[in-house]
Amino acid sequence: MRILVTNDDGIRAPGVQALAQKMSKLGEVALIAPLEEKSAIGHGITIRDPICVHKINIEGVSQAWGVKGTPADCVKLGLTELFTEKCDLVISGINNGPNLGTDVLYSGTVSAAIEGVILGVPSLAISLAAWNYEDYSVAADIIYTLIKYMIKNKFKLPVGTLLNVNVPAVNKKDIVGYKVTILGAREYENRFEKRFDPRGNPYYWAVGEILPFKERDLDFDVVAVEKNYVSITPIQFDLTNYKIMQEIKQWGLEDL
Ligand code: MN
């Protein structure tokens with residue numbers, strides 16, 4: 001089994017190194033990750049600048065490249081130029097912080113996994129649902145087990161679908177179980193602090209806190225993780241709303 005590991009926190013982040021080391025027990029791993037942190041970069045790619053790559057030594061990982069680019073660049077370049085034989089799995093994480101609900105649209109972690117499925121490789125995005133929690137070993141163990149189940153079930157996922165996994169940041173004994181979930185909503189205060197630079201020009205800094213999610217149903221990823229379940233959401237990059245297509249066709253647009 002050949003596995004491409006990436007993230008958006010940068011190649012030096014403990015989460016991606018713990019993941020790559022754990023995945024090395026399952027097969028041949030290539031760790032291909034941004035040289036700098038790219039959290040909240042979404043699905044951005046680099047098209048106007050050179051994408052420099054640096055071979056890096058990481059303990060317990062057979063091959064690693066730091067990429068001066070985005071998480072999506074890492075997967076694209078990785079599968080095309082650096083790790084070119086058949087790749088069986090792209091896995092992005094373990095992110096420092098949750099990727100739940102609408103936040104998946106901003107997430108570099110999730111976007112890297114989306115890039116994997118765009119290129120036809122089964123993909124997972126993995127996040128640890130607390131910031132600056134130091135122990136990634138529980139999340140790494142859970143992902144290891146999940147992949148064993150994926151192998152047993154022959155990675156059966158529809159084309160264009162990936163799994164977005166969020167692991168609660170607690171001891172293993174406090175994890176209640178897992179839930180297959182729906183994306184919830186992440187609402188923020190959307191507050192910006194206005195400041196002034198030394199020349200008197202204003203600039204803004206996003207400071208809004210997360211607002212509590214009103215739904216309490218465990219079917220939502222946000223709630224499942226709050227209640228110490230591992231949340232597994234199958235997501236797809238096809239954003240088409242099929243249900244409304246027929247209705248729009250009936251608007252009489254022939255007259256345009
Ligand atoms: Mn991140």
Side-chain angles (χ1 to χ4, degrees), residues 2-46 49-84 87 89-100 103-104 106-116 121 123-144 147 162 164-169 205-206:
R2 289 165 48 84
I3 307 167
L4 189 157
V5 175
T6 190
N7 76 340
D8 75 359
D9 296 329
I11 197 157
R12 298 287 175 200
V16 81
Q17 296 195 2
L19 182 64
Q21 285 156 357
K22 190 78 186 180
M23 291 303 105
S24 299
K25 297 188 195 312
L26 282 169
E28 188 189 345
V29 166
L31 169 53
I32 305 172
L35 280 164
E36 290 157 20
E37 196 198 331
K38 296 288 176 187
S39 292
I41 197 81
H43 209 119
I45 53 168
T46 305
D49 293 298
I51 305 172
C52 302
V53 290
H54 300 270
K55 203 100 174 67
I56 288 176
N57 282 328
I58 302 223
E59 205 191 314
V61 182
S62 60
Q63 50 197 327
W65 288 271
V67 176
K68 198 144 177 38
T70 67
D73 285 334
C74 291
V75 175
K76 230 182 231 299
L77 186 72
L79 294 177
T80 315
E81 292 287 336
L82 305 173
F83 194 55
T84 50
C87 177
L89 182 68
V90 168
I91 178 159
S92 177
I94 299 167
N95 189 56
N96 171 23
N99 275 305
L100 296 163
D103 275 354
V104 300
Y106 307 102
S107 167
T109 305
V110 175
S111 295
I114 292 175
E115 189 60 37
V121 181
S123 301
L124 300 170
I126 317 296
S127 305
L128 187 58
W131 283 277
N132 303 320
Y133 189 79
E134 277 167 22
D135 184 7
Y136 286 90
S137 66
V138 174
D141 285 352
I142 285 170
I143 294 323
Y144 181 86
I147 294 169
L162 58 135
N164 183 42
V165 183
N166 281 271
V167 179
W205 204 290

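Of all non-hydrogen atoms in Q63 and V29, the two that sit nearest each other are CG-O, 3.1 Å. Residues P34 and P71 share a closest heavy-atom pair of CG-N, 4.0 Å. Of all heavy-atom pairs between Y133 and Y136, the closest is O-CE1, 3.6 Å. Among all heavy-atom pairs drawn from A129 and P168, the shortest one is CB-CA, 4.3 Å. Pairing each heavy atom of S92 with each of A113, the nearest pair is CB-N, 4.2 Å. Minimum interatomic distance between T80 and T84 (heavy atoms only, all atoms of both residues): O-CG2, 3.1 Å.
Between S111 and I41 the shortest side-chain heavy-atom distance does not fall below 4.5 Å. Between I114 and S123 there is no side-chain heavy-atom pair separated by less than 4.5 Å. At least one side-chain heavy atom of L79 sits less than 4.5 Å from a side-chain heavy atom of L4. No side-chain heavy atom of V75 sits under 4.5 Å from any side-chain heavy atom of V121. For the pair N96/N132, a side-chain contact is recorded, criterion being any heavy-atom separation below 4.5 Å from C-beta on.
Rounded to the nearest 0.5 Å, atoms CG (L162) and CG (L124) are 8.0 Å apart. For the atom pair OG of S127 and CG of D8, the computed distance is 8.0 Å after rounding to the nearest 0.5 Å. For the atom pair L128 CG and I94 CD1, the distance stands at 7.0 Å (nearest 0.5 Å). To the nearest 0.5 Å, atoms CG (L35) and CH2 (W65) are separated by 13.5 Å. Atom CD1 of I142 is separated from atom CG of N166 by 11.5 Å, given to the nearest 0.5 angstrom. In this structure, the separation between OG on S24 and CG on L19 is 9.0 Å, given to the nearest 0.5 Å.
Checked against side chain to side chain donor-acceptor pair (under 3.5 Å), S107 has the following partners two or more places apart in sequence or in another chain: N99. By the side chain to side chain donor-acceptor pair (under 3.5 Å) test, N57 pairs with no residue at all, sequence neighbours left out. Residues satisfying the side chain to side chain donor-acceptor pair (under 3.5 Å) criterion with S62, sequence neighbours excluded, are absent altogether. The side chain to side chain donor-acceptor pair (under 3.5 Å) test applied to Q17 returns no partner, not counting sequence neighbours. The side chain to side chain contact (heavy atoms under 4.5 Å, CB included) check on A33 picks up T6, N7, I11, L31, with sequence neighbours excluded.
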| message | Using side chain to side chain contact (heavy atoms under 4.5 Å, CB included), reason through I32 and L77 one step at a time and then give a plain yes or no. | response | CA-CA 9 Å; I32 305 172; L77 186 72; 6.0 Å; no

| Does the side chain to side chain contact (heavy atoms under 4.5 Å, CB included) test come out yes or no for D49 and K68, once each step is laid out? | CA-CA 10 Å; D49 293 298; K68 198 144 177 38; over 6 Å; no

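The number of heavy atoms from other shown groups lying within 6.0 Å of NZ (K25) does not exceed 12.
The salt bridge (Lys or Arg N to Asp or Glu O under 4.0 Å) contacts involving residues 70-81 comprise K76-E115, where partners must be two or more places apart or lie in separate chains.
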